[in-house]
Amino acid sequence: MILALQSRLADALRTAARDAFGVELGAVGFQYPPDAAMGDLASNAAMALARSQRKNPKEIAAALAERMAKVPGVTRAEVAGAGFLNLFLDRGAAVRTLADGLQDPMPQPPRVPGHAIVEHTSINPNKAAHVGHLRNAILGDTFVRILRARGHDVGVQNYIDDTGVQVADVVVGFLHIENKSQAEVAAIPGKFDHYCWDLYARVGDFYAAAPENKAKQAEVLHAIEAGGNEIASLAEHVASRIVACHLETMARLGIRYELLAHESDILRLHFWNRAFALLKDAEAIRLVTEGKQNGCWVLGMGKADDDAPGSGRRSPGDEAQRPEGRDSLPARAAVDEDKILVRSNGTVTYTGKDIAYQLWKLGRLDRDFRYRLYRAEPDGHRVWQTTSGETDPQAPRFGNARDVYNVIDVGQSYPQRVVKAGVAALGYEREAAGTHHLAYEKVVLSPETARALGYDVAEDGGVVKVSGRKGLGVKADDLVDALEKKALAEIATRDPERDKAQSERTAREIAVGALRYFMLRYGRTRILTFDLEEALAFTGETGPYIQNAIVRARNIFTKLEAEGHAVDVLLARARALDLGALLDGEEGAEIWALALLMARSEEVAEAAVAAEEPSIVARHAFTVAQAFHGYYQKPKYSLLHAESEDRRALRVLVVDAFVRQMSALAGLLGIPVPERM
RNA sequence: GCGCCCGUAGCUCAACUGGAUAGAGCGUCGGCCUCCGGAGCCGAAGGUUGCAGGUUCGAGCCCUGCCGGGCGCACCA
């Protein structure tokens, strides 16, 4: 609601500026004054105009205020501070608009043209998922939810590197440490990914023990790449079984995918050959004939002095037109700037393959995967996987995206920049601009948590890096288990009568809410110090706080009904009220502030998309819940003991609006709302 | 050496991308259940925004130089 209003007011402001000064305002944005008493919306347009108009900002603001005061929906316009233009809205009209839109708290905006792909999770299929992987998946999944709410058509892909060294390492473990056959591996009971977690850690020691052990790695890797042998078959078994484990772990958190894209299919369908040809034809890459990189095909990585390479200024085949003199600058050899895509032995690097994959995502590879159904879920959701065998004619179309969001840790920034540069070097400017790296920082363990897990911590008590290679870290499943157990214990003390099945279900919902909020509350470029105590907290700025706000609000309605007050009758009464009169006074001011805050959800979601930052929505959700708790807690605003039916109706309107808005926000964050807590 | 991220209350983090009195949670201290659910609410203490300059009506945010921490810059994946 606030977005529509803002855009109407922005138009009015543009008109006012035109009338008064004959100037066109650029982008008009509104801020929110620090104190509600100062106004509902603020514009700093006057201060921006001060320079060009050579006038005092206050004078300009006064001229604008005079015109804005006459705009419908605005009751007052004031000049404040250094030249802010503060607008007071017609509360009755605004709240009524909000009330009318109640049926749909977060209306679906017009559909954004083009398809978007979000790739996330993408865990090496050789061990259990840990907290770092959770950050990736929760970040990606939440971003998908937000994009969809803002009208984007989004497909979710999970990349499976089933032919890499990490899988090979575990296979080495099975073959040369445990001497197991594939049948014996298949017979391993229990959580297979947890089993491999431990085995993988042992492989590191195995390699360190003797050089001939390390040689097994290359042996196994080659067998896997060649395919059609027992080792490759074992690798396939390991990878597919672990992928199933990962999907199960993620499903516990409400995370799922449309497509599982396999590295092995990229190899077997020769995506790189195609990309290589395209790059050569466009002269986007060149063969080095001397020096250190002799015999390699490289992609020029000219240091862009603006944001990202290929963001618009370079055109294809631009390599020959680099600024003259750069190569002649002392101590700046071209080789330092170029990225090898094909080694002198003719094999392709990881980054090279990634360019091919990215081109496919963008619909510019001119080659496609084949697809088969991986799983159809009870609710009808279908998970597909790539294959190099027969394709299923029922399969939907994947790829051809206008925007691709790769959720990958920040350590991969350089290779991701190379991928973007590769796309740009082919002349695909728009596609390069649509290539987004949703980078996030790593997760480390706090010294206390590391100690609690039995790891050695240096005396100075620094943080401990999570390391799959060393088996160091917190497994995702173990964390969710711990959260569920704690929630269950909490429920048992609060509501001992509750039956077991319902308690367990609620415990699961609380665990998911707590974990998802914990992973989302920090900005993604910040290193997340994982502390078990904090992650297990259910009070304060947490998911359960948000859940509790909704549960309590809904509970009021149950109570009202039980006392003989029909909620729908009260809601109907509320619609006929003279809101303008009721919204004066102390309670009116509180309701108004709450309404204005709730109305911002769309705006906040849009900001999260623009900034590619889900934490913005998470924090907003907490702020709204907090504002509601503050209002609701006051006995004088009781619904059961209201001083008049009109007051009761007004409060029902507020609580109903809150439940709907807050539920919508929880949905954006993937935080489930329990029936009871 | 070059590039990126981070430095804000005792701790963990915000600050709507240059706006008004820098805000939350945790922790500490003090209040609130004859009053719709206390996983809650109200209040207090706690800040030279790493340091020094600069830009302008205005800087936690932009520029320059330092200091401190982390990560990249592979013919590894």
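Chain letters run A, B, ... following the sequence lines, proteins first, then strands; residues in each count from 1.
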Could you go through nucleotides 13-22 of chain B and list every protein N or O atom that sits under 3.5 Å from one of its N or O atoms, giving the distance for each pair?
residue : atom : partner : partner atom : Å
B:C13   : OP1  : A:I527  : O            : 3.3
B:C13   : O3'  : A:R526  : NE           : 3.3
B:C13   : O2'  : A:R619  : NH2          : 2.3
B:A14   : OP1  : A:G523  : N            : 2.9
B:A14   : OP1  : A:R526  : NE           : 3.2
B:A14   : OP2  : A:R526  : NE           : 2.8
B:A14   : OP2  : A:R526  : NH2          : 2.7
B:C16   : O2   : A:R600  : NH2          : 3.0
B:G19   : N7   : A:N44   : ND2          : 2.9
B:A20   : N6   : A:N86   : OD1          : 3.1
B:A20   : N1   : A:N86   : OD1          : 3.4
B:A20   : N1   : A:N86   : ND2          : 3.2

Exercise for the section: Identify, with sequence neighbours excluded, every residue that meets side chain to side chain donor-acceptor pair (under 3.5 Å) alongside A:S615. Expected result: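 So A:S615 forms a side chain to side chain donor-acceptor pair (under 3.5 Å) with A:E613.
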Handout entry: Partners meeting side chain to side chain donor-acceptor pair (under 3.5 Å) with A:R508 (sequence neighbours left out)
Key =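 A:R508 satisfies side chain to side chain donor-acceptor pair (under 3.5 Å) with no other residue.
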Practice task
State the syn/anti category of B:U34 according to its glycosidic angle, syn meaning within 90° of 0.
Solution key: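 That one's anti.
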Exercise for the section: Identify whether the glycosidic angle of B:C11 places it syn (within 90° of 0) or anti. Expected result: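 Nucleotide B:C11 adopts anti.
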Could you let me know what [N] is paired to, Watson-Crick or G-U wobble, both distances under 3.5 Å, or none if it's on its own?
{"N": "B:G65", "value": "B:C51"}
{"N": "B:A44", "value": "B:U28"}
{"N": "B:U34", "value": "none"}
{"N": "B:G23", "value": "B:C13"}
{"N": "B:C4", "value": "B:G70"}

Under 4.0 Å from OP1 or OP2 of [N]: is there any side-chain N or O of [X] that close?
{"X": "A:R552", "N": "B:C41", "result": "no"}
{"X": "A:K353", "N": "B:A77", "result": "no"}
{"X": "A:K634", "N": "B:C32", "result": "no"}

Problem - Partner of A:T506 by side-chain hydrogen bond (donor to acceptor under 3.5 Å, both in side chains), out of A:Q547, A:R676, A:R498, A:E490 - result: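 Considering A:Q547, A:R676, A:R498, A:E490, a side-chain hydrogen bond (donor to acceptor under 3.5 Å, both in side chains) with A:T506 is found only for A:R498.
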What's the gap between [N] and [M] when it is taken at their [atom1] atoms, as a whole Å value?
{"N": "B:G47", "M": "B:A14", "atom1": "C1'", "answer": "15 Å"}
{"N": "B:C62", "M": "B:G18", "atom1": "C1'", "answer": "8 Å"}
{"N": "B:G7", "M": "B:U49", "atom1": "P", "answer": "14 Å"}

Looking across every strand, which nucleic acid part, if any, lies under 4.0 Å from [X] by heavy atom: base, sugar-phosphate, or nothing?
{"X": "A:V551", "value": "base"}
{"X": "A:F538", "value": "base"}
{"X": "A:S344", "value": "base"}
{"X": "A:F622", "value": "sugar-phosphate"}
{"X": "A:Q626", "value": "sugar-phosphate"}
{"X": "A:D161", "value": "sugar-phosphate"}
{"X": "A:K58", "value": "nothing"}
{"X": "A:S638", "value": "base"}
{"X": "A:K442", "value": "sugar-phosphate"}
{"X": "A:D495", "value": "nothing"}

Exercise for the section: Tell whether A:T349 reaches the base of B:C75 with its side chain through a donor-acceptor pair below 3.5 angstrom. Expected result: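 No, the side chain and the base share no sub-3.5 Å donor-acceptor pair.
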Could you tabulate the donor-acceptor pairs under 3.5 Å formed by side-chain atoms of residues 557-567 of chain A, not counting sequence neighbours?
residue : atom : partner : partner atom : Å
A:T558  : OG1  : A:R554  : O            : 3.3
A:E561  : OE2  : A:V567  : N            : 3.1

If you check every side-chain atom of [X], which of [options] has the closest atom?
{"X": "A:Y414", "options": "B:A24, B:G72, B:C36", "answer": "B:G72"}
{"X": "A:E441", "options": "B:C5, B:C76, B:G40", "answer": "B:C5"}
{"X": "A:E541", "options": "B:G25, B:C75, B:G37", "answer": "B:G25"}
{"X": "A:Q293", "options": "B:G37, B:C75, B:C36", "answer": "B:C75"}
{"X": "A:T539", "options": "B:G37, B:C75, B:G40", "answer": "B:G40"}

Handout entry: Member of A:E587, A:E586, A:E590, A:E643 meeting the salt bridge (Lys or Arg N to Asp or Glu O under 4.0 Å) criterion with A:K636
Key =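 Result: among A:E587, A:E586, A:E590, A:E643, A:E586 is the only option passing the salt bridge (Lys or Arg N to Asp or Glu O under 4.0 Å) with A:K636.
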Exercise for the section: Taking the six-membered ring of A:F271 (Phe, Tyr or Trp), confirm whether the NZ or CZ of A:K353 is under 6.0 Å from its centre and within 45° of its axis. Expected result: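 Ring-cation test returns no.
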Exercise for the section: Measure the shortest side-chain to side-chain distance between A:N406 and A:Q358 over non-hydrogen atoms and say whether it is less than 4.5 angstrom. Expected result: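 A:N406 vs A:Q358: side chains touch.
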Practice task
Please name all residues satisfying ring-ring contact (aromatic ring centres under 6.0 Å, His included) with A:H436, sequence neighbours left out, ordered by chain then number.
Solution key: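 A:Y405.
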Exercise for the section: Could you tell me how the ring of A:F628 sits relative to the ring of A:F658: parallel (under 30°), tilted (30 to 60°) or perpendicular (over 60°)? Expected result: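 Answer is parallel, since the angle falls under 30°.
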Practice task
Give me the ring orientation class for A:F530 and A:F518: parallel if the planes are under 30° apart, tilted from 30 to 60°, perpendicular past 60°.
Solution key: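 Perpendicular: the ring planes of A:F530 and A:F518 meet at over 60°.
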Practice task
Take A:G291 and A:E534, find for each the nucleotide of RNA chain B with the closest heavy atom, and name the residue whose nucleotide sits nearer the 5' end.
Solution key: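 Per heavy-atom nearest nucleotide, the more 5' residue is A:E534.
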Problem - Pairwise 5' ranking along RNA chain B for A:T525 and A:L640, keeping only the more 5' one - result: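 On the 5' side of the pair lies A:T525.
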Practice task
Salt-bridge test for A:E541 and A:R521: reply yes if a basic N is under 4.0 Å from a carboxylate O, no otherwise.
Solution key: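 Looking at A:E541 and A:R521, the cut-off is met.
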Exercise for the section: Ignoring hydrogens and angles, tell me if any N or O in the side chain of A:H437 forms a donor-acceptor pair with the backbone of A:I408 under 3.5 Å. Expected result: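 Yes; at least one donor-acceptor contact below 3.5 Å.
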Nucleotide N/O to protein N/O under 3.5 Å, stretch nucleotides 59-61 of chain B:
none

